[in-house]
Peer 1: 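Got a structure for you, written out below as structure tokens; questions coming shortly.
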Amino acid sequence: MILLGPATLAELRGHERACKASVVLGSHGLAPPETFSLRKALIEPDDADRLHLLNCGFAACTQGRSGRLTDLDAELLPPETRQRADSFLRPAPDSSRRPLDLRSAPQLALLLACADAANGPWVIIDGNHRAIAQQLRHGSLAWVPVFLCIHPAIATWSYVPASFRQTAALVAEQADRPSARQILRLCARIEPHPQQQRDLTAACSGFAAWDELIRAAEAEDMAPLLLRHLTTAKISLPDVARRTLRLLSVHHRQTNLILIKMLGRVLALLETQGIPALAHGGAALCQTLYPEPGLRPLSGLDLLLADKDIAPACALLRQHWFSTLAETETSAVLCQTADGVDVRLRLSSSSQDFSRLLRNAVSCAADGVRMRALAADEMLLHLCPLACASYKLITSADIVGLLESRSDFFSIQ
Amino acid sequence: MLRHSAKARSTDHPLFQTAKTMNTTQRFTLNPDYKAEQFDDEVLLYAVSAGQGVYLNETAFLVWEMCGRGLSAAEMAAQLEAAYPEQQEVIGDELAAALDSLLENGIIHPAP
């Protein structure tokens, strides 16, 4: 959960009225409103298994009646609940409303209650139908804005499902231990910072779950950055953990070198036919932002082309080493194997004026070949929707790095 | 100075015998897939195509380098003995163990 800042009761009441909330703070046996502290927040992808529906019929729509939103089963929805959720998913044809996406609808922010704001679990006081609709349509509540109503005794409320209580007990037990996730978050930046290094040292003091940390780091493409920050902070870690992180870092470095070499070959080839291309995504970030290309694991290569160049570029690449996995008028995915590494090359046309992007591009080199990459501000605009679609913690490091690299341009608060 | 951190081997271990009884004029070629990455206290050879990495201690790294320079097993032993005269007694075993380990992992191959 990303905690954004405090909220007032007056603000919450206004929101409840605007949403025509049926369960409001203080009703249905909840503690008096003034005993809650209130915050605004954003749900993160990792919060999914700690989000609960209200135990007043909604929990019955989940597998095993757990109440967990991740256990939601569309088949178990009673007709009236389904109808209400459908009204958000498929507004009436004559309605001017668009299908629901709570991520971009702060006026529909959910009301969540919890005892631990940062770690949950959380129960949805108001907005259960909206949450069900969002879960069914988008598969997750990640990045949905919420009001958090925090009360230490919320687990005793009768509308809280049993699994909420079990999770709350587990979270309370682990509250004093630094988690792998906390350590990873501290490493989600490119350049070390004195405060970050102090926090990291404190978080790693007595930390024992190194296996879990390394697995999580690799899943989030963070293993090389984790090693970088642990090494810079001179944090001692077990031999096995250190060697595993080194192995992963070397793996990513060597893989990236092969991918960047291939990028250079592709750019040189396109250049021979006068097809301009703009690198974006991981490879562009590696070459323009990260001090060492291996710090940023790559899942493939991404190029922006002008609309008219997608088909000729595909044809050209097919003549030289690549085969096509998918192709439309505006995008294509091609692949080949280079030095034992699977290379996925994603070509797409820009939704913006390509010549403007090209004019503002940053020049650098990929294996000695001139490469043009999206400028930092354009890269940010490009990254943010991608981060919402498939978020990994490395994207946070990318975004922090981009913002810090252009502190003259972006006002950071 | 000259240490080998690999598991202790008894001399009847088949791999030990392989290197120990190897023709001392044997030379080796490096598997080009493996690239060396040096850290402060150790060296990692990694082949991205195989997805395999092997940590080398100081002795094994020296041996790997000498294989790359085309030295025979006898020439390697002579160089090591000259560099570490105080450890002459163990150099033969250390060299055999390092060669075994490198051969076993496909990092070097006997030159034709």
Peer 1: Between A:Leu257 and chain B, which part of the residue has a heavy atom less than 4.5 Å away: side chain, backbone, both or neither?
Peer 2: neither
Peer 1: Which atom pair, heavy atoms only, marks the closest approach of A:Asp339 to B:Ser49?
Peer 2: O-CB, 3.7 Å
Peer 1: Anything under 3.5 Å between a donor and an acceptor, one on a side chain of residues 260-267 of chain A, the other on a protein residue two or more places apart or in another chain? List them.
Peer 2:
none

Peer 1: Name the option with the most non-hydrogen atom pairs under 4.5 Å to chain B; the candidates are A:Ile258, A:Leu247, A:Thr255.
Peer 2: A:Leu247
Peer 1: Applying side chain to side chain contact (heavy atoms under 4.5 Å, CB included) between B:Val48 and each of A:Gln254, A:Arg253, A:His252, report the one that passes.
Peer 2: A:Gln254
Peer 1: Could you tell me which residues satisfy ring-ring contact (aromatic ring centres under 6.0 Å, His included) with A:His280, sequence neighbours excluded, listed by chain and number?
Peer 2: A:His382
Peer 1: My understanding is that only residues two or more places apart in sequence, or in another chain, count here; which of them pass salt bridge (Lys or Arg N to Asp or Glu O under 4.0 Å) with A:Asp46?
Peer 2: A:Arg181
Peer 1: Find the distance between OG1 (A:Thr231) and CZ (B:Phe39) and round it off to the nearest 0.5 Å.
Peer 2: 8.5 Å
Peer 1: Where does B:Tyr55 contact chain A at under 4.5 Å (heavy atoms): side chain, backbone, both or neither?
Peer 2: side chain
Peer 1: One pair to check against salt bridge (Lys or Arg N to Asp or Glu O under 4.0 Å): B:Glu42 and A:Arg243. What are the steps and the verdict?
Peer 2: CA-CA 10 Å; B:Glu42 59 192 351; A:Arg243 287 185 150 192; 2.7 Å; yes
Peer 1: Check whether more than 12 heavy atoms from other residues, nucleotides or ligands sit under 6.0 Å from atom CD of A:Gln195, and answer yes or no.
Peer 2: yes
Peer 1: Please check if the number of heavy atoms outside A:Arg344 that lie under 6.0 Å from its CZ is greater than 12.
Peer 2: no
Peer 1: So which bits of residues 204-217 of chain A come within less than 4.5 Å of chain B, counting non-hydrogen atoms only?
Peer 2: none
